[in-house]
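Here the structure is laid out as structure tokens; the discussion comes afterwards.
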Amino acid sequence: MRSVSYLGLGGVLAVAMVAASSAVGASAETFVHAPQPRVTAPAAGKTETAIFAGGCFWGVEGAFYHVKGVISAASADAGGTTGSPSYEQVSTGTTGHAEAVRVVFDPARVSYADLLRIYFSVVADPTTLNAQGPDHSSQYRTALFPQSAGQERVARAYLQQLTAAHIFARPIVTRIEHTSRFYPAEDYHQKFMAKNPTYPYIVIKDAPKVDALRRMMPNVYRS
């Protein structure tokens with residue numbers, strides 16, 4: 001699990017954490033060109049909300065923040081049973097929550113289907129169960145939380161499309177979960193990548209997601 005003691009010995013601890021994960025065989029970041037979704041849904045209004053879980057919410061939030069049409073991205077916890085959990089509670093892996101990001105977007109500029117394609121291309125590895133890189137436990141699972149029937153239809157169709165396309169070396173384990181409960185993470189987690197660009201965990205694990213988005217999907221990237 002990554003360190004959040006960045007106000008003190010965070011730099012040293014984060015480097016040690018990433019180095020240790022590499023020593024036990026954690027894979028490097030890999031990115032794929034996920035295909036354009038064949039199933040889409042009409043815009044449900046001037047804005048829509050989507051919730052994604054893809055490991056450490058710092059990188060998920062940071063990547064979606066750089067997508068044209070995204071109005072806001074906020075780190076939170078979703079999918080568990082404990083009300084208003086603290087970061088320390090979620091980190092035990094016993095609350096059922098996943099570190100997640102709530103994305104508010106303009107569907108006239110970027111669709112939910114577009115966000116799914118970005119998610120599976122550069123945001124998360126959908127083939128690792130309860131783990132992303134050096135982070136291991138159920139709070140780091142990959143999950144989609146559709147906020148409407150239209151989003152769920154698009155998400156299920158895209159998972160089937162990706163499975164049939166065999167673009168990943170291992171089976172997809174990303175789940176579709178149902179919740180409208182969204183518990184914002186503590187203030188120091190919000191916009192963590194933007195506020196701490198030189199923090200070792202960000203440099204090693206999360207900044208590559210944004211760089212991949214810029215290189216692979218320049219038409220949707222914003223600086």
Side-chain angles (χ1 to χ4, degrees), residues 1-6 10 13-14 17-18 21 26-27 29 49-67 70 72-105 115-116 118-147 155 172-196 199-210 213:
M1 182 179 69
R2 71 191 186 282
S3 165
V4 292
S5 302
Y6 62 93
L13 292 174
M17 176 275 298
V18 175
S21 70
S27 61
E29 291 293 316
T49 298
I51 299 178
F52 301 89
C56 170
F57 43 34
W58 296 344
V60 179
E61 180 199 82
F64 279 123
Y65 181 79
H66 285 278
V67 174
V70 168
S72 66
S75 293
D77 302 297
T81 57
T82 302
S84 301
S86 67
Y87 176 77
E88 287 72 21
Q89 287 176 305
V90 174
S91 294
T92 66
T94 61
T95 68
H97 291 87
E99 290 197 14
V101 171
R102 181 177 63 181
V103 178
V104 179
F105 61 100
L115 295 178
L116 285 176
I118 292 166
Y119 172 87
F120 284 104
S121 293
V122 302
V123 173
D125 180 349
T127 69
T128 54
L129 183 63
N130 295 332
Q132 286 291 293
D135 301 318
H136 295 261
S137 195
S138 61
Q139 70 267 28
Y140 298 114
R141 67 187 182 271
T142 58
L144 307 174
F145 296 89
Q147 297 300 292
I172 294 172
V173 297
T174 301
R175 303 188 317 202
I176 291 178
E177 301 185 29
H178 298 91
T179 186
S180 58
R181 295 182 178 180
F182 178 87
Y183 301 103
E186 292 83 348
D187 287 346
Y188 66 86
H189 287 298
Q190 306 301 333
K191 295 183 173 61
F192 190 92
M193 182 185 292
K195 295 175 182 176
N196 303 275
Y199 186 63
Y201 186 99
I202 295 297
V203 172
I204 296 169
K205 298 298 301 177
D206 292 336
K209 301 178 192 293
V210 176
L213 175 68

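Screening residues 136-146 for salt bridge (Lys or Arg N to Asp or Glu O under 4.0 Å), with sequence neighbours left out, gives Arg141-Glu177.
With contacts defined as side-chain heavy-atom distances shorter than 4.5 Å, the pair Arg102/Ser72 does not qualify. Looking only at side-chain heavy atoms (C-beta outward), Asp135 and Tyr201 come within less than 4.5 Å of each other. At a threshold of 4.5 Å between non-hydrogen side-chain atoms, the residues Tyr87 and Glu99 count as touching. Counting heavy atoms from C-beta outward, Lys205 and Cys56 have side chains that stay 4.5 Å or more apart. Using a 4.5 Å cut-off on side-chain heavy atoms (C-beta onward), Met193 and Tyr65 make no contact. Phe105 is not listed as a side-chain neighbour of Val67, based on a closest heavy-atom distance of 4.5 Å or more. A heavy-atom distance below 4.5 Å is not found between the side chains of Val103 and Val60. Counting only heavy atoms from C-beta outward, the side chains of Tyr119 and Leu144 approach each other to under 4.5 Å.
Side chain of Thr82 to backbone of Pro85: no donor-acceptor contact under 3.5 angstrom is found. No side-chain donor-acceptor contact under 3.5 Å links His97 to the backbone of Thr94.
The two residues Gly62 and Val210 come nearest to each other via the heavy atoms O-CG2, 3.9 Å. Taking each heavy atom of Ala98 and Ala53 in turn, the nearest pair found is CB-CB, 3.8 Å. Among all heavy-atom pairs drawn from Ala63 and Leu213, the shortest one is O-CD2, 3.6 Å.
Note: Leu115 CG to Phe52 CZ = 5.0 Å, rounded to the nearest 0.5 Å. To the nearest 0.5 Å, atoms NZ (Lys209) and CD1 (Ile202) are separated by 10.0 Å. Once rounded to the nearest 0.5 Å, the distance linking OG1 of Thr127 with CZ of Phe120 reads 11.0 Å. Interatomic distance, Gln139 CD to Thr92 OG1, rounded to the nearest 0.5 Å: 7.0 Å. Remark: Ser91 OG to Tyr140 OH distance equals 5.0 Å, nearest 0.5 Å. Taking OG of Ser84 as the start and CZ of Arg181 as the end, the distance is 10.0 Å to the nearest 0.5 Å.
Between Tyr199 and Phe192, the angle of the ring planes goes over 60°, which puts this pair in the perpendicular group of the 30/60° scheme.
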Asn196 and Trp58: CA distance, side-chain angles, deciding distance, side chain to side chain contact (heavy atoms under 4.5 Å, CB included) verdict: CA-CA 10 Å; Asn196 303 275; Trp58 296 344; over 6 Å; no
Take Asp125 and Thr142 through the side chain to side chain contact (heavy atoms under 4.5 Å, CB included) test and state the conclusion after the steps. CA-CA 8 Å; Asp125 180 349; Thr142 58; over 6 Å; no
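Between the side chains of Ser75 and Glu61, at least one donor N or O sits under 3.5 Å from an acceptor N or O.
Taking the centre of each ring, Phe145 and Phe182 stay at or above the 6.0 Å mark.
Taking the side-chain contact (heavy atoms from CB on, under 4.5 Å) definition, one finds that Val173 meets it with Leu129, sequence neighbours left out.
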